[in-house]
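Okay, structure first, notes after.
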Amino acid sequence: MNYIVTAFTRTFIEENRYQLFLKGIGNTLIIAFFATLIGVVIGALVAIVKTYHKQTGKLKILNAVCEFYTTLIRGTPVVVQLLISYNIIFVWSTHAVLIGIASFGINSGAYVSEIIRAGINAVDIGQTEAGRSLGLSRGTTMRYIILPQAIKNVLPAIGNEFISLLKETSVIGYLGVVDLTKAAERVISRTADVYFPYLSIAAIYLAIVLVLNYFVTKLEKRLAKSDRG
């Protein structure tokens, strides 16, 4: 018990070290949130191109680019992508948080594209045929009839992608950004106690994930209820 009190004091209270953890939580949530938004935008565009190409045979070059993008991103570790972005692509920039958001967003887009594409394929083909029979173009049908239904279907999966991305951001410390993991490492360098800081951030991550899981579950139930209604 004495160890816990002492370790808690040294980890969070002394030198106002709790502020370091608060900053880490803030950076973690900011990076995960905006990276997910970027991922949804990229994923939707990639999914539309792939679906349109499959249906019409057009957009061959764009489809090839999208296939290369998803293969490359899904076939390489996110930490390697992060280091390449920071040290090669955006070497001129000093805004590590923005680089992290862009890198994680590009990574997320490759996975979200498959989620959205599955959502589009799950929409009954009759919906497309109905739109076309009303004189709507293929693009208009996709925009106003198919995509809204697809997005509704995949919202819980996108919520889970956000949770996964939040945990993946623990490697952002490679860029010197203070996230939860980096905050713990800085405290350890001062206290020489590895147990309490690491166990503390594990508990913080778990608490955040449990809260997010709760809201994703509620969203799933609400969407299921609206479908039945």
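Predicted, not measured: the structure shown is a model, and the values here were computed from it. These values consider heavy atoms only, across backbone and side chains, with no hydrogens, waters or symmetry-generated copies.
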Study note, to complete from the structure: Between the OG atom in Ser103 and the CD1 atom in Ile172, the distance rounded to the nearest 0.5 Å is 7.0 Å
Review point. Within the distance-only criterion (no hydrogens, no angle test), does the side chain of Thr11 pair as donor or acceptor with the backbone N or O of Phe8 below 3.5 angstrom?
Key: no
Point to revise | Least distance between heavy atoms, Ile42 atom then Gly105 atom | key: CD1-O, 4.2 Å
Check your understanding: Which atom names give the shortest non-hydrogen contact between Ile106 and Ile38, and what distance separates them?
Key -> N-CG2, 4.5 Å
Exercise for review: Go through Ile145 and Thr140 one step at a time and tell me if the side-chain contact (heavy atoms from CB on, under 4.5 Å) criterion holds.
Suggested key: CA-CA 8 Å; Ile145 298 178; Thr140 302; over 6 Å; no
Revision key, fill the gap. For Ile188 and Asp193 the tightest heavy-atom approach is CG1-O, 3.3 Å
Point to revise | Pro156 versus Glu220, closest heavy-atom pair with distance | key: CB-CG, 3.2 Å
Review point. If you draw a 6.0 Å radius around OH in Tyr198, do more than 12 non-hydrogen atoms from other residues or ligands fall strictly inside?
Key: yes
Review point. Considering only heavy atoms from C-beta outward, does the side chain of Val171 approach that of Phe104 to under 4.5 Å?
Key: yes
Point to revise | Leu29 side, atom CG; Asp179 side, atom CG - distance, nearest 0.5 Å | key: 11.0 Å
Check your understanding: Under 3.5 Å, side chain of Asn87 to main-chain N/O of Leu83, donor-acceptor pair present?
Key -> yes
Review point. Do Val211 and Ile25 belong together in a cluster built from hydrophobic side chains that touch within less than 4.5 Å?
Key: no
**Study point:** Main-chain N/O of Ala110 paired to Tyr69 side chain as donor or acceptor, under 3.5 Å
**Key:** yes
Review point. From Ile31 CD1 over to Leu98 CG, what is the distance, rounded to the nearest 0.5 angstrom?
Key: 9.0 Å
Exercise for review: Start with the C-alpha distance between Ile99 and Ser93, add both sets of side-chain angles, then the distance that settles side-chain contact (heavy atoms from CB on, under 4.5 Å), and finish with yes or no.
Suggested key: CA-CA 8 Å; Ile99 294 173; Ser93 176; 4.1 Å; yes
Practice item. Look at the side-chain heavy atoms of Ile, Leu, Val, Met, Phe, Trp and Tyr, link any pair under 4.5 Å apart, and say whether Ile61 and Val49 land in one connected group. Key: no
Review point. Taking it one step at a time, do Phe21 and Val187 satisfy side-chain contact (heavy atoms from CB on, under 4.5 Å)?
Key: CA-CA 9 Å; Phe21 287 94; Val187 170; 3.6 Å; yes
Practice item. To the nearest 0.5 angstrom, please state how far the OG1 atom of Thr169 sits from the CZ atom of Phe33. Key: 14.5 Å
Check your understanding: Do Thr181 and Thr28 touch side chain to side chain, with heavy atoms closer than 4.5 Å?
Key -> no
Point to revise | Smallest separation among heavy atoms of Arg10 and Thr191, with atom names | key: NH2-O, 2.8 Å
Practice item. Indicate yes or no: does Glu114 engage Lys50 in a salt bridge with an N to O separation below 4.0 Å. Key: yes
**Study point:** In one Ile/Leu/Val/Met/Phe/Trp/Tyr side-chain cluster, 4.5 Å: Ile73, Ile88
**Key:** yes
Practice item. Indicate if Tyr205 and Tyr195 have the same hydrophobic cluster label, given that clusters are the connected sets of ILVMFWY residues with side-chain heavy-atom separations under 4.5 angstrom. Key: yes
Practice item. For Thr71 and Phe68, indicate whether the former's side chain and the latter's backbone hold a donor-acceptor pair under 3.5 Å. Key: no
Check your understanding: Under the 3.5 angstrom rule, does the side chain of Asn121 hit a backbone N or O of Arg117 as a donor-acceptor pair?
Key -> yes
Point to revise | Distance in Å, Thr217 OG1 paired with Asn160 CG, rounded so as to fall on 0.5 Å steps | key: 8.0 Å
Exercise for review: For the pair Phe12 and Phe196, name the ring-plane relationship: parallel under 30°, tilted 30 to 60°, perpendicular over 60°.
Suggested key: perpendicular
Check your understanding: Under a 4.5 Å side-chain heavy-atom rule over Ile, Leu, Val, Met, Phe, Trp and Tyr, are Ile204 and Leu210 clustered together?
Key -> no
Exercise for review: Could you tell me whether Glu14 and Arg190 have a side-chain N and a carboxylate O separated by less than 4.0 Å?
Suggested key: no
Review point. Considering all heavy atoms of both residues, which atom of Leu165 and which atom of Ser108 are nearest to each other, and what is their separation?
Key: CD2-CB, 4.2 Å
Exercise for review: State the OG1-CG distance between Thr36 and Leu166, to the nearest 0.5 angstrom.
Suggested key: 8.5 Å
Exercise for review: Quick one: do Val80 and Ile84 satisfy side-chain contact (heavy atoms from CB on, under 4.5 Å)? Show the steps, please.
Suggested key: CA-CA 6 Å; Val80 174; Ile84 289 174; 3.8 Å; yes
Point to revise | Short side-chain to backbone donor-acceptor contact, Glu161 and Ala157, under 3.5 Å | key: no
